[in-house]
Protein chains: 2
Amino acid sequence: MQASPDTRITILDRSIPLYAAKGYSGVSMRDIARAVSISPAALYHHFPNKQALYLAAMERAFADKALTITATVRSEGTALQRLENFIERFTRLMADDPDFRMLLQRELLDGDQQRLRLLVDRVFAEPFTAVSELALELAPDCDPHLMTISLAGLVLFHFEAAPLRQFLPGMRAEHDQPEVIARHIARLMTRALESR
Amino acid sequence: MQASPDTRITILDRSIPLYAAKGYSGVSMRDIARAVSISPAALYHHFPNKQALYLAAMERAFADKALTITATVRSEGTALQRLENFIERFTRLMADDPDFRMLLQRELLDGDQQRLRLLVDRVFAEPFTAVSELALELAPDCDPHLMTISLAGLVLFHFEAAPLRQFLPGMRAEHDQPEVIARHIARLMTRALESR
DNA sequence: GTCTATAGCCTGATAGAC
DNA sequence: GTCTATCAGGCTATAGAC
């Protein structure tokens, strides 16, 4: 740690939305320097090169993002109730932090082994395990790994596809609201999983 | 059209995998020229600038991609059978053409209005409508637009998340096989939608 | 239709003053 | 810790010969 870590943190916080919007190769050191109102050279006092700055920005963007998700899945209540709570929380996380969501999408496309492992360790390992256990409880005859991936995709893709949806038939403004999305998914999953 | 459109088409076919792997700003005109074994200057005989080359590559990568999907959804059989056939076809499309899938993911992040509309017109308008009609038939009480988005995300995310899955608990090699993914999704949706 | 050469700008990164 | 100045190289795009 430095004597004044403020600048370092400011650099990270200003570069996160830039990288989310335009990706690693779409954002130059000059772009970041401009956003922080310092000279490009000053960035190299805080980070050895562009890659290290980017990696530090990812670490910060991803840190502890999923704590509430894990807690929600492991809280009290019936399995179905916990599933619904998870869907609602995860949907709201995606809606409330579009930078996080877009960085995730970009890392799935461009992340190397090191960064993907960071993503798992920092964000997804715990909630993934928790949801897998919940899935096993709800549908013992289904593969919990596949089921957890399905649940995540079900939520994430509604946001991922948002830019396309405006051109697709049947689109309505309320389809952008996280509550509407969560309710739709919860109903779908409830139908699939409730005891019959 | 030119007297010899071969070079133009070669340029597009070689640039598609490059753009899929590294994105618009990650691929230079020099990269493309190298892949086609011509000089960078020669590219400008076939396309006025980099943007136009990229747009033409997208048009080619997306052309008629979903014809078989639409036909599958509108073929004969019970609604549930057509749903299962759609899931299987769409899963195989994603598995067989990773360039198309990654370009789609990139366009969802970076596409401007013009390119997103192209994507809808060239690829998704027809199958989306067909699947929406099928969804309305299977679940009249659900919003067909939301349901179609859900179905697409359910399939797509299994491939999107593949680079991350290797680090997630419960992963098995067979989870990469399109047949396994399709069967999992089909069972999930059948449970949710079959008359009860 | 393709080449070589190059203009003009942007890139990541460094040197050295303060 | 930040600055100005700068380097070496990559970038898109063009000029003009063949």
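Quick note on labels: first sequence line is chain A, next is B, and so on, each numbered from 1. From a predicted model like this one, the values you see are computed outputs, not experimental measurements.
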Using residues 74-81 of chain A as the side-chain source, report each donor-acceptor pair under 3.5 Å to any protein atom, sequence neighbours left out, with the distance given to one decimal.
unit_1  : atom_1 : unit_2  : atom_2 : d
A/Ser75 : OG     : A/Thr72 : O      : 2.8
A/Thr78 : OG1    : A/Gln81 : N      : 3.1
A/Thr78 : OG1    : A/Gln81 : OE1    : 3.4
A/Gln81 : OE1    : A/Thr78 : N      : 3.1

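- With sequence neighbours left out, B/Tyr44 forms a ring-ring contact (aromatic ring centres under 6.0 Å, His included) with no residue at all.
- A/Arg82 meets the salt bridge (charged side-chain N to carboxylate O under 4.0 Å, His left out) test with A/Glu137; sequence neighbours excluded.
- In this entry the distance linking CD1 of B/Ile32 with C1' of D/dC11 reads 13 Å, nearest Å.
- Within the 4.0 Å cut-off from OP1 or OP2 of D/dG1, not a single side-chain nitrogen or oxygen of A/Thr7 is found.
- Every side-chain hydrogen bond (donor to acceptor under 3.5 Å, both in side chains) that B/Asp97 has, sequence neighbours left out, goes to B/Lys65.
- Taking atom CZ of A/Arg8 as the reference point, atom P of D/dT2 lies 13 Å away to the nearest angstrom.
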Mind listing the N/O atom pairs, protein and nucleotides 12-16 of chain D, below 3.5 Å?
unit_1 : atom_1 : unit_2  : atom_2 : d
D/dT12 : OP1    : B/Met29 : N      : 3.3
D/dT12 : OP1    : B/Lys50 : NZ     : 3.2
D/dT12 : OP2    : B/Met29 : N      : 2.9
D/dA13 : OP2    : B/Tyr44 : OH     : 3.2
D/dA13 : OP2    : B/Lys50 : N      : 2.8

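- Side-chain N/O atoms of B/His45 include one lying less than 4.0 angstrom from OP1 or OP2 on C/dG1.
- Separating the OH atom of A/Tyr54 from the C1' atom of C/dT11 is a distance of 18 Å, rounded to the nearest angstrom.
- Rounded to whole Å, atom P of C/dG1 lies 14 Å from atom CG of B/Leu43.
- In the hydrophobic clustering (ILVMFWY side chains linked at under 4.5 Å, chained through shared members), B/Met102 is joined by A/Met102, A/Leu109, B/Leu109.
- The side chain of A/His46 lies closest to D/dG1 when the candidates are C/dT4, D/dG1, D/dT4.
- Between the side chains of B/Gln113 and A/Gln166, at least one donor-acceptor pair of N or O atoms lies under 3.5 Å.
- Atom CZ of B/Phe47 and atom P of C/dG1 are 12 Å apart (whole Å).
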